[in-house]
There are 2 protein chains.
Amino acid sequence: MRRHGQRHWGGEFKGCGYRMTKPRQAILDVLGETDEHLSAEDIYQAVYKFYPNIGMTTVYRNLELLVDMSLIVRFDFGHGRAKYELTDQYSEKGHHHHLVCKKCNKVIDYSDFMNDEVKFLKSTEKGLSEIYKFRITDHLIQFLGICEECSKK
Amino acid sequence: MRRHGQRHWGGEFKGCGYRMTKPRQAILDVLGETDEHLSAEDIYQAVYKFYPNIGMTTVYRNLELLVDMSLIVRFDFGHGRAKYELTDQYSEKGHHHHLVCKKCNKVIDYSDFMNDEVKFLKSTEKGLSEIYKFRITDHLIQFLGICEECSKK
DNA sequence: GTTGGTAATGGGAATCACTACCAATAAGGG
DNA sequence: CCCTTATTGGTAGTGATTCCCATTACCAAC
């Protein structure tokens, strides 16, 4: 059941006690073939089409595992359900952040002005980790507001 | 039942069709008297102590309303329950962001390095709103990692 | 003060995303 | 090919939040 666009993830599962299974491959495939921000339910639906045996429990369990393995990232936009994306390094999108519309909940990816961001992050992360003795591993940057369509209404 | 620390919010409720009620005053009081990040349940418990008639539904409904009125802010740290704070302008904390520990879920407020942030935000917000025709009203900045206590374990 | 209309309340039932449990199954190293 | 152990998928739960609706509080006009 090898399909187009499938990536080989064996290496990531070697030596850590975890196994590469059909559901895991399927979930990673689905996330690798989309630009959208998928919920667990979305992923279940998509996987179901070519692997109808999949169970919702398995989807949730594996999403958690893949987040722990840093292959995927989980976002809580506060819209009720969590959304998942491949980690920057495995995604065609690369490093990006989100513009979130408060009205329609649409999420727009952007990867502009990363130079300004890097400068800001570098100084701020260094300062914060010293003051609060906090080992910073990641950041979350989002801009909220009203998208073009919603501002016309 | 006027208690210490109570603030007068009448002005914010004038002319918008909403009324200032006991539950609303109570919820705002509770949020005004704490530095913590309170969940709906936390707020219910705190209000219950001096207003035992309060209902959970009322708490949720009013939290939503107060968020719409921009008197309070809702945060989804992804820990299962939403947390609420007074908006910067009404809070003693002023403008701040959060350090979130991935292990113990602790949330630390910080308001350092705001100069760097302002510079970054100014240029980035301007650029993004032009490119994406997006009216930016707010931003969310968070640093994730491991706090001092957790890094010792 | 009474009335009338709308906003707001509170209780329980319902929903929705997610998790725990467990017997059955399937990786994958030896 | 076998054996150990990770993994699966179904069902029953859990916990946060929302819906529904009859009752109540507020406020302005008479």
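Throughout, a chain's letter reflects where its sequence line sits, starting with A, and its residues are numbered from 1. Values below: all heavy atoms of this structure, side chains included; hydrogens, waters and symmetry mates excluded.
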Take the protein atom CE of A/Met56 and the nucleotide atom P of D/dT8, then report the distance between them rounded to whole Å.
-> 14 Å
Nearest heavy-atom approach of B/Asn62 to B/Ile27 is CB-CD1, 3.7 Å
Tell me what A/Met20 touches on the nucleic acid: a base, only sugar-phosphate, or nothing, going by heavy atoms under 4.0 Å.
-> sugar-phosphate
In Å and rounded to the nearest 0.5 Å, what is the CZ to CG distance from A/Phe113 to B/Leu128?
-> 5.5 Å
Can you find an N or O donor on one side and an acceptor on the other, under 3.5 Å apart, linking the side chain of B/Arg24 with the base of C/dT9?
-> no
Hey, does the side-chain of B/Thr58 have a donor or acceptor N/O within less than 3.5 Å of a partner on the base of C/dA8?
-> no
In Å, rounded to the nearest 0.5 Å, how long is the span from OH of A/Tyr84 to CG of A/Leu31?
-> 10.0 Å
B/Gln25 and B/Tyr51 side chains, donor-acceptor separation under 3.5 Å | no
Spacing of A/Lys83 atom NZ relative to C/dC18 atom P, expressed in whole Å = 11 Å
Quick one: does A/Arg61 reach the base of D/dG9 with a side-chain donor-acceptor pair under 3.5 Å?
-> yes
Nucleotide nearest B/Arg19 (side chain, heavy atoms from C-beta), chosen from D/dC27, D/dT7, C/dG10 | D/dC27
When you measure from the side chain of B/Lys102 to the backbone N and O of B/Leu144, does any donor-acceptor pair fall under 3.5 Å?
-> no
Contact class for B/Thr21 (heavy atom, under 4.0 Å): base, sugar-phosphate, or nothing?
-> sugar-phosphate
Side-chain atoms of A/Lys14 come closest, of C/dG29, C/dT6, D/dT4, to C/dG29
According to a strict under-4.0 Å criterion, is B/Asn53 in side-chain N/O contact with OP1 or OP2 of D/dT24?
-> no
Grab the CG-C1' distance between A/Asn62 and C/dA26 for me, whole Å please.
-> 14 Å
Selection from D/dC26, C/dG11, D/dT17 that lies nearest to any side-chain heavy atom of B/Thr57 = C/dG11
D/dT17 OP1/OP2 closer than 4.0 Å to side-chain N/O of B/Tyr60 | yes
Using a cut-off of strictly less than 4.0 Å, decide whether A/Tyr51 has a side-chain nitrogen or oxygen near OP1 or OP2 of D/dT8.
-> no
